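Values in this document were obtained by computation on a predicted structure and should not be read as measured data.
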Amino acid sequence: MKLRTLFYLSSLTLLPSLLPAQAAPLIVAHRGGTADLPENTVTAIQHALEHHADIIWISVQLTSDNIPVLFRSKNLNATTDGEGTVAELTLEELQKLDAGYKFKSEGEYKFRGLGIKIPTLASVLNKFPTTKFFIDIKDHTKDFGRVAQYISAVITDSNAAGRTRVYSTKHRFFKELGPEIRTFAPRSHTRKTLANVLMADDCRVDDRMEAQKLEYHAFELRAPVSVVETLTLGRGQSAATMVWNQKVTHCFKRNSLSKLMLIGINSQSDYNLAKALQADFVMVDSPQQAELWQK
């Protein structure tokens, strides 16, 4: 992301709290707990729930025969013993792959050959009928309508619309989802508001935020950006980091129904910071570790 500004306002130092105290943030298990067990698998989801994760974040793509399955990467060799993409294979072909093949635990590939498979979205929603899920559409395609259609159908057919919420960095998917499917706010909207507060100390809120409608925002606690500076002799570009602070929280909470999820919370100190910033949710790679932070 490029931001035009004359200077970068550091936000590492917390400002005095501008909001009343609230409960500790809920734990969202990133890909079911990508640091604990093979990601986006039933095994990982079960483990996360055993360690009291409140919500499971899963990545979803479509197979060549239009079945939504849990998988994050563009290439299957990132986590399995397969090659190519999810979109190139049928569900039957994907079921032959070992979803635990690349996961290392204590320096060893302990999960190879244990029968861990790439699950379908339908099977996961039905296996965990009371669990809440955040569904990240990771499909590497421009056929937004087709992807949204099949994901919407699975959520609806599984009676899961009330316990799921869809996220994607490509918010064009949102426009194609069924009317009953709940979504996060577009990432670009969240980023713009964040940048305005941090870079210009300006809480610019649009009519939607002022309308007091329920909105879920998700963004990194610390987000690297490229800052473009206007100089006398031209332009300069430098790396910087946007760090969430109390002023940002206060801006979003002008809509009292806004829910905030901070991404990349993987240490006790970051969890404490997210709690001080009054995040509603924190996304963690290790639910097992996060369980300890809450004690």
Side-chain angles (χ1 to χ4, degrees), residues 1 11 14 19 21-35 39-40 45 48-49 51-60 72 131-138 162-171 173-174 177 181-195 197-198 205 208-209 213-224 241-287 289-291 293-294:
M1 178 181 70
S11 52
L14 284 178
L19 297 168
Q22 69 173 43
L26 298 180
I27 299 298
V28 179
H30 188 202
R31 306 178 205 141
T34 184
E39 65 180 44
N40 285 312
I45 294 170
L49 294 175
H51 288 276
H52 303 104
D54 298 289
I55 301 169
I56 308 297
W57 177 283
I58 52 178
S59 313
V60 175
R72 168 187 58 92
T131 300
K132 296 179 179 179
F133 289 93
F134 289 157
I135 300 172
D136 182 13
I137 301 179
K138 285 292 188 185
R163 58 186 177 94
T164 58
R165 190 169 292 271
V166 173
Y167 173 92
S168 181
T169 56
K170 300 177 182 178
H171 71 267
F173 281 118
F174 297 169
L177 293 167
I181 307 301
R182 304 183 302 177
T183 67
F184 279 78
R187 180 178 172 86
S188 58
H189 170 67
T190 304
R191 180 178 57 202
K192 182 178 180 180
T193 302
L194 173 66
V197 176
L198 294 181
V205 295
R208 179 174 53 187
M209 289 180 69
K213 294 181 180 179
L214 181 62
E215 275 200 331
Y216 279 58
H217 296 272
F219 213 81
E220 290 77 10
L221 173 63
R222 297 180 178 86
T241 302
M242 292 198 302
V243 185
W244 208 279
N245 66 18
Q246 288 281 7
K247 279 193 173 183
V248 177
T249 300
H250 179 69
C251 184
F252 279 98
K253 292 294 185 177
R254 283 180 61 171
N255 174 358
S256 62
L257 299 180
S258 282
K259 300 294 184 182
L260 307 177
M261 181 171 73
L262 294 181
I263 297 171
I265 308 303
N266 290 312
S267 67
Q268 178 77 66
S269 59
D270 277 357
Y271 174 79
N272 293 342
L273 177 55
K275 184 177 180 180
L277 291 171
Q278 297 169 319
D280 298 284
F281 313 95
V282 291
M283 183 190 289
V284 307
D285 288 343
S286 173
Q289 288 296 314
E291 186 178 24
W293 304 337
Q294 297 173 298

Next on the checklist: Which label fits Trp293 and Tyr271: parallel for a plane angle under 30°, tilted from 30 to 60°, or perpendicular past 60°?
Outcome noted: tilted
Checklist entry - Going by the angle between their ring planes, with limits at 30° and 60°, are Phe219 and Trp244 parallel, tilted or perpendicular? => result tilted
Could you tell me which non-hydrogen atom of [X] sits nearest to which non-hydrogen atom of [Y], and how far apart they are?
X      : Y      : result
Asp136 : Ser168 : OD1-CA, 3.9 Å
Thr131 : Ile56  : CG2-CG1, 3.8 Å
Ala53  : Leu49  : O-CD2, 3.9 Å
Gly33  : Pro287 : CA-CD, 3.6 Å
Asn40  : Ser59  : OD1-N, 3.1 Å
Pro25  : Gln294 : O-NE2, 4.1 Å

Checklist entry - Between Ser258 and Phe252, is there a donor-acceptor pair closer than 3.5 Å when you use the side chain of the first and the backbone of the second? => result yes
Item to check | Gln278 side chain vs Gln246 backbone, donor-acceptor pair below 3.5 Å | outcome: no
Quick check: do [X] and [Y] have side-chain heavy atoms less than 4.5 Å from each other?
X      : Y      : value
Ile27  : Ile55  : no
Lys259 : Leu214 : yes
Ile135 : Arg165 : no
Tyr167 : Phe134 : no
Val166 : Phe173 : no
Gln289 : Val284 : no
Ile263 : Leu221 : no
Met261 : Val28  : yes

Item to check | Intermediate values then yes/no, salt bridge (Lys or Arg N to Asp or Glu O under 4.0 Å), Arg222 and Asp270 | outcome: CA-CA 10 Å; Arg222 297 180 178 86; Asp270 277 357; 2.9 Å; yes
Distance (rounded to the nearest 0.5 Å) between [X] [atom1] and [Y] [atom2]:
X      : Y      : atom1 : atom2 : result
Lys275 : Leu262 : NZ    : CG    : 14.5 Å
Leu194 : Leu198 : CG    : CG    : 4.5 Å
Ile265 : Leu273 : CD1   : CG    : 7.0 Å
Thr169 : Ile137 : OG1   : CD1   : 10.0 Å
Asp285 : Ser267 : CG    : OG    : 11.0 Å
Tyr216 : Arg182 : OH    : CZ    : 6.0 Å

Checklist entry - Which pairs count as salt bridge (Lys or Arg N to Asp or Glu O under 4.0 Å) when at least one residue sits in residues 24-33, sequence neighbours excluded? => result Arg31-Glu39
Using side-chain hydrogen bond (donor to acceptor under 3.5 Å, both in side chains) as the criterion, list what pairs up with [X], not counting sequence neighbours.
X      : value
Ser188 : none
Thr190 : His217
Ser286 : Asp36

Next on the checklist: Applying salt bridge (Lys or Arg N to Asp or Glu O under 4.0 Å) to Glu220 and Arg187, what does each step give before you reach the verdict?
Outcome noted: CA-CA 11 Å; Glu220 290 77 10; Arg187 180 178 172 86; 2.9 Å; yes
Checklist entry - Which is it for Lys253 and Asp280 under the salt bridge (Lys or Arg N to Asp or Glu O under 4.0 Å) test, yes or no, and what are the steps along the way? => result CA-CA 11 Å; Lys253 292 294 185 177; Asp280 298 284; 3.0 Å; yes
Checklist entry - Is the count of non-hydrogen atoms from other residues, nucleotides or ligands lying under 6.0 Å from Lys132 atom NZ greater than 12? => result no
Next on the checklist: Does His189 form a side chain to side chain contact (heavy atoms under 4.5 Å, CB included) with Glu215? I'd like the steps, not just the answer.
Outcome noted: CA-CA 11 Å; His189 170 67; Glu215 275 200 331; 4.1 Å; yes
Item to check | Residue list, ring-ring contact (aromatic ring centres under 6.0 Å, His included) with His51, at least two apart or on another chain | outcome: His47
Checklist outcome for this item: Taken in chain and number order and not counting sequence neighbours, the residues that satisfy ring-ring contact (aromatic ring centres under 6.0 Å, His included) with Phe133 are none
